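Working notes, beginning with the structure itself.
Note that the coordinates shown come from a computational prediction; the quantities given were computed from them, not determined experimentally. Every heavy atom of this structure was used, including side-chain atoms; hydrogens, water molecules and symmetry mates were not. Chain letters run A, B, ... following the sequence lines, proteins first, then strands; residues in each count from 1.
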Amino acid sequence: MTDLVSSLNPMQRAAVELPAQNALILAGAGSGKTRVLTTRIAWLIAQGYASPYEILAVTFTNKAAKEMRARLETMLTVDISRMWVGTFHGIAHKFLRLHAADAGLPKTFQIIDQSDQLSLIKRLMKEANMNAEKDDPKVIQSMINDLKERGLRSSVITAQDAPGTMAGFYRFYEQRCQRDGLVDFAELLLRSVELFENNAIVRDHYTERFRFILVDEFQDTNALQYRWIKALANPREAKNSVFCVGDDDQSIYAFRGARVGNMQDFVKDYGVRSIVKLEQNYRSTSHILDAANAVISNNKDRLGKNLWTDRGAGERIRIYEADDDRQEARSLTQEILIAKRDGAKWGDFAVLYRNNAQSRVIEQYLTANSVPYRIYGGLRFFDRQEVKDVTAYLRVMVSPDDTSVLRVINHPPRGIGATSVARITDAAKERALSIWETISDWNDPNVTIGRVKGFIECIEAMREACAGMNLAQTVRTVVEMSGLKAYYEAQKDKDIRLENLTELENAAQGYYTENDLEEDADAFAVVEGGEMSPIEGFLAQAVLEADDKNEGEGLDVVQLMTVHASKGLEFPVVFLCGLEQGLFPHAPRNGEDADKAESEERRLMYVAMTRAKKKLRISWCGQRHLWGNIQWGEPSMFLAEIPEKDWVEGRPKKSEQPGSSLGYRSSFSGGYSGSGKSFSGAKDSSFRASPAQSSSGWRQGAVGKASDYLKESGGRSSGAHQKKSLGASSLWGLKPGDRVVHKKFGQGEILSIANPESQDEAQARVKFSIGVKELLLVFANLQKIS
DNA sequence: GGCTCTTTCGTTTTT
DNA sequence: CGAAAGAGCC
């Protein structure tokens, strides 16, 4: 199987061919990390060192797990369909399903996601007469999750771990989850750790089985996940080889519990002798890499890595100071349009920003100029109301927990109003029963008994009807019998709702097919091996694999996302926006360790920069619209950390000669005439936030009107040299009040023209029947009509 | 039960 | 400023 490794570089090959021992692979951005991980597995199998049965591969996201499996399938002829490749949570879930009784869980336990957990907490807080004003449910939620991540049960916490009413509430929450068979994300991990720690037979079985454990994105593991690994692979027993791949420089999730320190701990705890560094980068050109290396070198306590490439210097990074966020948006829109005109694809571009709010202005400009784009992250399919409704019904059918019952008891409306529900919950509390138990034995004359009975009968009828049905049929039946279909048909937004319900049926069909269930499989029947009925499996998948983010991944559209969301992706051209002190790096909260926060922000910067393959454009704004005000910003400290040799100032240079054909590359290659490199002075103090400033790094100012702004000529970095000898009227011939025709938007009227004297920046506000659009005249191709 | 008004809050987020 | 959640009203 030499062909498996022959195309690897020496370090990759060294990693893949390590003997069976604990190892840490430091894999830099774009260094072929996934390739090494999958080739390692394939190599172990091909060499006969391991059978697929003996391998456990753990990732963070479902996407990574899927990709790994897909790649393995192309590399190997052995059947790996039963190999354990999955996320921490997915695999923990599998353990718990297989050993529910040993883990102290009911067979039909259900997983709840973050938002389910939050609404449960809110409801329990009401039940415990806690006021949401004094105790923020979100704070309580994160405290509970934090305690679980530290492995602490309510029975063992101290007053310091849980101040005030916290300890009591945590206990209440635990009890209620236990009673209703609910398992939150942290619980999946903690339960399986406890299962292994308390049950030697189960633990030994898996410890001996999984001789090779491989962990991806190790820098993102939290304390509990590390403990989980240790529970499976005890370093003292040394029965397993743990192969961890990660990059401490790309650890950007400390805020949600990730512990980079796990990498050093792993080396120590597992006596790791083999640390392999993958530093050859196959993604970016060297100006980009050198700059990223230089920035990250300002962090302390790194394991130490320096990316290099043999792909040549490439183009310098361009750093652009925009007057404000609108100009930033306009500028990148313009560059995209010009590049597209010159042959680039929409999909070549990614726009990255620190926070989601920044996307708005950018979207406005892209939309106004008909640039197709897609925003990563947003409402996920299984988070949609109508989809949650159906899954709640399915849950009630399988195991009627309070949350699900309360969600659907009067939805669609069946005359069980707030008052009745309050009586029911009160009675349940009084009798210490679940809602379902309470209503199953209901005798309060103040609540219309027929309606409650009707609900129970509806659920029972659905159970009966679905017995013997497969999953997709079951979903369809539930959608109809619950009344959800009729209900949503009557809604004004029925099209999307019904479409989503159909989509859910398709998902059920897909699950059914994917899991190769027999044609006549009953959705309620337990599936051999998985110990889960198709419904339970489907529900678990809905919670654990809710990401439909890869949907539309291959689309040829501009990609907009936060820097966090960009991790692991790459793009030919990257626009990195909003490099202002206080925004990126984000100003630390008070109470937060400022140095730690800065280091994490710098890693985030490193991640952002290393997404770019060929062109990296960084911009910052002197002014930014924030919460209805204008804020003055200063350039991010990270800009001053980029070596002078690797960047150039400026933004897309307009065509010098109107009408000449513009090579994409040549049109942007230079800086601006007469503009010196102002960042060369940034290394001392001039670009750092001044001490007098507020901690956020922002100063507030008066509100300005955008329309005023747009009328100004190009802004300082474009400046005087943009002035053409031709006046506005002779350049475009258009003025406010003119009637024009646009290819897509039809007839319209010019409201105003911004930058009329500029060839490339002249922009018209035009009122079309579909609304007002801002169009760059170079591209809009407006035809004047009389 | 659903609409509208008011209040609140504002970093990043997978499972 | 604008989204979202909660309260209050019909």
Side-chain angles (χ1 to χ4, degrees), chain A residues 58-65 86-93 111-119 122 126 132-133 136-138 142 145 148-149 183-189 216-217 220-222 224-225 228 251-258 325 352-361 376-380 382-383 410-421 487 490-492 540-547 549 561-568 578 582-589 592 597 600-601 603-605 607-608 624-631 696 698 703 706:
Chain A
V58 195
T59 65
F60 249 79
T61 63
N62 292 297
K63 192 180 163 193
T87 63
F88 278 99
H89 296 266
I91 286 170
H93 173 236
I111 307 168
I112 54 170
D113 67 18
Q114 207 93 289
S115 74
D116 295 333
Q117 187 190 32
L118 185 63
S119 34
K122 283 181 185 165
K126 268 188 196 148
E133 276 161 39
D136 180 352
K138 282 202 178 122
S142 70
N145 291 334
K148 289 194 181 187
E149 267 168 32
V183 175
D184 60 49
F185 285 137
E187 186 73 24
L188 283 171
L189 297 167
D216 189 17
E217 302 276 15
D220 285 335
T221 51
N222 64 28
L224 184 53
Q225 283 155 338
W228 189 89
S251 164
I252 55 172
Y253 287 111
F255 71 92
R256 65 177 195 213
D325 47 344
L352 309 185
Y353 34 78
R354 182 60 178 70
N355 70 42
N356 294 111
Q358 289 172 256
S359 73
R360 270 199 55 201
V361 197
Y376 264 59
L379 198 59
R380 297 196 242 137
F382 282 101
D383 284 337
N410 198 35
H411 181 70
R414 44 172 78 82
I416 307 172
T419 326
S420 301
V421 170
Y487 173 79
Q491 301 282 306
K492 46 179 182 271
Q541 197 190 53
V543 181
L544 290 176
E545 302 181 36
D547 65 325
K549 289 210 173 130
M561 67 192 84
T562 63
V563 178
H564 280 90
S566 75
K567 198 176 136 199
L583 180 63
F584 194 2
H586 189 268
R589 285 192 200 166
E592 204 176 10
E600 175 134 330
E601 293 290 315
R603 291 192 291 268
L604 199 52
M605 179 69 180
V607 167
R624 179 172 293 277
H625 294 255
L626 201 64
W627 305 336
N629 285 317
I630 284 189
Q631 319 264 137
S696 73
W698 294 102
V703 179

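Using a 4.0 Å cut-off between a side-chain N of Lys or Arg and a carboxylate O of Asp or Glu, Lys122(A) and Asp136(A) do not qualify as a salt bridge. Glu600(A) has a carboxylate O that lies under 4.0 Å from a charged side-chain N of Arg603(A), or vice versa, which qualifies the two as a salt bridge.
Taking 3.5 Å as the limit, the base of dT15(B) and the side chain of Glu545(A) contain no donor-acceptor pair of atoms between them.
For Thr562(A), whose side chain is taken as the heavy atoms from C-beta onward, the closest listed nucleotide among dT12(B), dT14(B), dG2(B) is dT12(B). Nearest nucleotide to the side chain of Asn62(A), out of dG6(C), dT11(B), dT15(B): dT15(B). Among the nucleotides dT11(B), dT12(B), dT15(B), the one closest to the side chain of Thr61(A) is dT15(B). Among the nucleotides dT13(B), dT11(B), dT15(B), the one closest to any side-chain atom of Arg256(A) is dT13(B). For Ala565(A), counting side-chain heavy atoms from C-beta on, the closest listed nucleotide (dT13(B), dG2(B), dG6(C)) is dT13(B). Closest to the side chain of Arg589(A), out of dT11(B), dG2(B), dG6(C), is dT11(B).
Atoms CE (Met561(A)) and C1' (dT14(B)) sit 16 Å apart, rounded to a whole Å. One can place CG of Leu544(A) at 11 Å from C1' of dT14(B), the figure rounded to the nearest angstrom. The nearest whole Å value for the distance from the NZ atom in Lys126(A) to the C1' atom in dG6(C) is 9 Å. The nearest whole Å value for the distance from the CG atom in Asp136(A) to the P atom in dT8(B) is 13 Å. Per the geometry, CD belonging to Glu149(A) stands 12 Å off C1' belonging to dT13(B), to the nearest Å. Rounded to whole Å, atom P of dT13(B) lies 12 Å from atom CD of Glu600(A). Between the P atom of dT12(B) and the CG atom of Asp220(A) lies a distance of 17 Å, rounded to the nearest Å. Separating the CG atom of Leu626(A) from the P atom of dG2(C) is a distance of 12 Å, rounded to the nearest angstrom.
When the P atom is compared between dT13(B) and dA4(C), the two are found 15 Å apart, to the nearest whole Å. Going from the P atom of dA5(C) to that of dT12(B) covers 15 Å, rounded to whole Å.
Checked against the 6.0 Å centroid threshold, Phe60(A) and His89(A) do not count as a close aromatic pair.
Heavy-atom distances to DNA chain B give each of Phe88(A) and Ile252(A) a nearest nucleotide, and the one nearer the 5′ end belongs to Ile252(A).
Within the structure, every side-chain polar atom (N or O) of Lys567(A) is placed at least 4.0 Å from both OP1 and OP2 of dT13(B). For the OP1/OP2 pair of dT12(B) and a distance below 4.0 Å, the side-chain nitrogens and oxygens of Tyr376(A) include no atom meeting the criterion. Contact between the side-chain N/O atoms of Arg380(A) and the OP1/OP2 oxygens of dT13(B) is not found at any separation under 4.0 Å.
Qualifying side-chain hydrogen bond (donor to acceptor under 3.5 Å, both in side chains) partners for Gln541(A), counting only residues two or more places apart in sequence or in other chains: none.
Aromatic stacking of Phe255(A) on dT12(B): satisfied, with centres closer than 5.5 Å and planes within an angle under 30 degrees. The aromatic ring of Trp627(A) is not stacked on the base of dC1(C), since the criterion of ring centres less than 5.5 Å apart with planes inclined by under 30° is not met. In this structure, His564(A) forms no aromatic stack with the base of dT12(B), since the conditions of centre separation below 5.5 Å and plane angle below 30° are not both met.
The distance from the CG atom of Leu352(A) to the CG atom of Leu604(A) is 9.5 Å, given to the nearest 0.5 Å.
A donor atom on one side chain and an acceptor atom on the other are found under 3.5 Å apart for Asn145(A) and Gln117(A).
For Trp228(A) against Leu189(A), the heavy-atom pair with the smallest separation is CD1-O, 3.7 Å.
Within 4.0 Å (heavy atoms only), Tyr353(A) reaches no atom of the nucleic acid at all.
For the segment residues 354-361 of chain A, residues with any heavy atom less than 4.0 angstrom from an atom of DNA chain B are, sorted by number, Arg354(A), Asn355(A), Asn356(A).
Cation-pi check for Arg256(A) over Tyr253(A) is met; the charged atom lies under 6.0 angstrom from the ring centroid and within 45 degrees of its normal.
Side-chain atoms of Asp325(A) come within 3.5 Å of backbone N or O of His625(A) as a donor-acceptor pair.
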